[in-house]
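Remarks on the structure that follows.
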Amino acid sequence: MGIKDEMQAKAQQAKEKLQSKQDEAKQRGQSEQERLRQRAEQARQQGQQSFDDIQDEMDDRS
């Protein structure tokens, strides 16, 4: 194998390693985004529940 072939093989390995790291980072980003989306949904539901509780309490006073 010549030097040119060795360099191409090393370049290909580096390219594959970089692609792997990028895919991993993308996956982590998607997981984090989904976790934040779920947390926001829970907070929204809790806020709505609190609002409904207050509204029920005010209706009871009427």
Side-chain angles (χ1 to χ4, degrees):
M1 181 162 26
I3 292 177
K4 183 178 179 185
D5 292 335
E6 280 184 46
M7 296 304 283
Q8 285 178 336
K10 285 184 180 183
Q12 183 64 33
Q13 286 176 341
K15 185 178 178 183
E16 289 169 0
K17 187 175 180 181
L18 176 62
Q19 184 64 49
S20 174
K21 293 280 187 190
Q22 287 174 336
D23 291 345
E24 200 175 294
K26 183 178 178 183
Q27 186 65 36
R28 240 192 336 266
Q30 288 173 343
S31 298
E32 181 69 13
Q33 194 172 26
E34 181 59 31
R35 191 175 62 79
L36 290 173
R37 188 178 301 121
Q38 287 175 351
R39 188 185 297 167
E41 178 64 20
Q42 286 175 339
R44 187 188 66 75
Q45 287 175 351
Q46 286 175 346
Q48 184 64 47
Q49 184 62 45
S50 295
F51 179 77
D52 290 344
D53 290 346
I54 292 170
Q55 201 168 22
D56 289 345
E57 191 175 311
M58 290 179 71
D59 288 345
D60 290 345
R61 290 183 184 179
S62 303

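Here the structure is a predicted model, which is why all the values come from computation and not from measurement.
- In this structure, CD1 in I54 is found 12.0 Å from CG in D59, a value given to the nearest 0.5 Å.
- Not counting sequence neighbours, E16 has no partner by the salt bridge (Lys or Arg N to Asp or Glu O under 4.0 Å) test.
- At a threshold of 4.5 Å between non-hydrogen side-chain atoms, the residues Q12 and Q8 do not count as touching.
- In this structure, E6 does not pair ionically with K10, as no charged nitrogen and carboxylate oxygen lie closer than 4.0 Å.
- For the pairing with L36, the side chain to side chain contact (heavy atoms under 4.5 Å, CB included) check across Q38, E34, Q33, E32 returns one residue only, E32.
- Ionic pairing of R28 and E24 is present here: one or more N-O contacts between side-chain nitrogen and carboxylate oxygen are shorter than 4.0 angstrom.
- Taken from CD in Q30 to CD in Q27, the straight-line distance is 5.5 Å, to the nearest 0.5 Å.
- Atom CD in Q48 sits 10.0 Å away from atom CG in D53 (nearest 0.5 Å).
- With hydrogens and angles left out, the side-chain atoms of E41 and Q45 include a donor and acceptor closer than 3.5 Å.
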Derivation and outcome, side chain to side chain contact (heavy atoms under 4.5 Å, CB included), residues K17 and Q13: CA-CA 6 Å; K17 187 175 180 181; Q13 286 176 341; over 6 Å; no

